[in-house]
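Read through the structure below, which is laid out as structure tokens, and then see the notes.
Everything numeric here is computed off the predicted structure, so don't read it as measured data. Heads up: numbering here begins at 1 and tracks the sequence. Start at 1 and go down the list; that is how both ligands and their atoms are numbered.
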Amino acid sequence: MILIGGTATNGIDDSLSKILSVPSVKVENKIFPDGESYIRIPISVKNEEVVLVQTTDYPQDKHLIELFLMSETIKDLGAKKLTVIVPYLAYSRQDRRFKDGEAVSVKTILHLLSEVGIDSLVVVEPHKPEEISHFRGEIKIVHPYIQLSRKIRELTTNPFILAPDRGALERARQIAEDLGASYSYIEKERDRNTGEVRIKDIPNMTLKDKDVVIVDDIISTGGTVAQASKLAYSLGAKSVIAAAVHLLLSNNAKERLVQAGVKNIIGTNTVKTEDKDIIVVDISYSIASVL
Ligand code: R5P
């Protein structure tokens, strides 16, 4: 197996190299004066099984184009099999037409990935596992819950896992069961024009003396978790922690979370995070286990 680190890996290629005891090489990349990306695969891949790592965090469009260029080049150069690991799949939340005329973006991205020679696609925590079926080759999904629950165990004494919407309930259940904790979900509505989130009240729930951990796939503007945190405190929570697989933290998301009383923010290395206050867990072991 030849392991190639793409233009955005957040160190996952290096971790996989150590875990799997296979050497890894970095793709050659520069930006032309007009802003276009240059890609070169610096080793022979003829008749080899190649694993390429490329996340598609910010700047998403650039990382996606580079992924298309790298993938097709590897197959053009004669690779026998190409497996691509995409730790964070951009555009995955636009999985349907919420308003008439909208692009179903994740469908287009996965159709394009199907056209550039990828035989097997590994995606960490896609927004909805069923959306990945738009990819036409083999698909493997990674849920890095073990790493998240290990960190939650370290930081809490009386954890309660809260899903910030019904769609996040299965994730909350799995993490709660790993911790031996209780769990539940709340219901949210998002205004499709302003993006603002509203959480419905839950009259009969009590979170008295609980270390509430709000677990989601993505934190972007922080609106969902901030609203959920305020509700958790109003229901008696002792403390609130936010944990998400993909911490996009757009604009002033971190400040928003802190103002809503969130004590710790836990994320993973699927997305680049330079903020030292954020707790980042490496999910490479979960990826290695599906390779
Ligand atoms: C939505 O369905 C996702 O699972 C997340 O809850 C959402 O993307 C979080 O976005 P934000 O942080 O902007 O509220």
Side-chain angles (χ1 to χ4, degrees), residues 55-58 60 86-99 102-107 109 123-132 134 141-145 148 152 161-176 183-200 202 212-233 240-268 270-273 275 277-280 283:
T55 198
T56 58
D57 59 358
Y58 181 82
Q60 296 90 330
V86 182
Y88 169 66
L89 179 66
Y91 289 96
S92 65
R93 283 175 296 170
Q94 186 67 25
D95 59 347
R96 62 188 168 96
R97 268 184 257 287
F98 299 95
K99 287 167 68 180
E102 286 182 346
V104 183
S105 310
V106 72
K107 179 176 167 188
I109 297 296
V123 179
V124 180
E125 200 68 6
H127 178 57
K128 287 203 186 105
E130 57 274 22
E131 74 194 13
I132 302 299
H134 293 298
I141 291 177
V142 173
H143 298 295
Y145 301 151
L148 288 178
I152 292 167
I161 309 301
L162 190 62
D165 56 40
R166 197 188 287 254
L169 184 59
E170 177 55 20
R171 181 181 307 109
R173 184 188 68 76
Q174 289 196 38
I175 291 177
Y183 66 98
S184 190
Y185 72 97
I186 51 186
E187 293 203 63
K188 83 169 182 203
E189 288 170 348
R190 190 185 290 276
D191 184 312
R192 287 289 157 199
N193 292 313
T194 64
E196 282 306 308
V197 167
R198 201 179 70 83
I199 301 269
K200 292 185 187 163
I202 309 173
V212 174
V213 186
I214 303 165
V215 177
D216 211 345
D217 58 338
I218 293 173
I219 300 178
S220 180
T221 64
T224 301
V225 171
Q227 296 295 331
S229 175
K230 288 177 195 164
L231 179 74
Y233 280 115
V240 173
I241 286 176
V245 179
H246 312 297
L247 280 187
L248 305 183
L249 296 184
S250 320
N251 305 327
N252 60 345
K254 182 186 154 195
E255 289 66 36
R256 216 171 169 182
L257 298 185
V258 171
Q259 277 168 15
V262 173
K263 304 290 180 212
N264 294 102
I265 305 171
I266 306 171
T268 80
T270 60
V271 169
K272 190 170 184 171
T273 311
D275 188 328
D277 295 336
I278 309 283
I279 300 166
V280 178
I283 46 87

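Residue-ligand proximity: Gly222 is placed with a non-hydrogen atom under 4.0 Å from ligand 1.
Only the side chain of Asp217 comes within contact range of ligand 1, with a heavy atom under 4.0 Å; no backbone atom does. Using a 4.0 Å cut-off between heavy atoms, Lys188 contacts ligand 1 through its side chain alone, with no backbone atom that close. With a 4.0 Å cut-off on non-hydrogen atoms, Arg190 touches ligand 1 through its side chain and not its backbone. For Thr224, heavy-atom contacts with ligand 1 shorter than 4.0 Å involve the backbone as well as the side chain.
Looking only at protein heavy atoms, the nearest one to atom 13 (O) of ligand 1 is Thr221 OG1, 2.6 Å. Considering only non-hydrogen protein atoms, atom 5 (C) of ligand 1 sits nearest to Asp216 OD2, 3.3 Å. Looking only at protein heavy atoms, the nearest one to atom 9 (C) of ligand 1 is Ile218 O, 3.4 Å.
Ligand 1 places these atoms under 4.0 Å from at least one heavy atom of His127: 1 (C), 2 (O), 3 (C), 4 (O). Those atoms of ligand 1 with a heavy atom of Arg93 less than 4.0 angstrom away are 8 (O), 10 (O). Close approach of ligand 1 to Gly223 (heavy-atom distance below 4.0 Å) involves ligand atoms 12 (O), 14 (O).
Considering every non-hydrogen atom in both Leu247 and Ala244, the closest pair reads CD2-CB, 4.0 Å. Residues Thr56 and Ala90 come closest through the heavy atom pair OG1-N, 2.8 Å.
Salt bridge annotation for Lys188-Asp165: present, with a cationic side-chain nitrogen under 4.0 angstrom from a carboxylate oxygen.
Residues satisfying the side-chain contact (heavy atoms from CB on, under 4.5 Å) criterion with Phe98, sequence neighbours excluded, are Gln94, Asp95, Arg96, Glu102, Arg192. Remark: Tyr145 engages His143 in a ring pair (Phe, Tyr, Trp, His ring centres under 6.0 Å) (not counting sequence neighbours).
Checking Ile278, Ile241, Asp277 one by one against Ile265, the side-chain contact (heavy atoms from CB on, under 4.5 Å) holds for a single residue, Ile278.
In terms of modelled atom types and a separation under 3.5 Å, the side chain of Thr55 and the main chain of Val271 share no donor-acceptor contact. Under the 3.5 Å distance criterion, the side-chain polar atoms of Thr268 are matched with a main-chain donor or acceptor of Val245.
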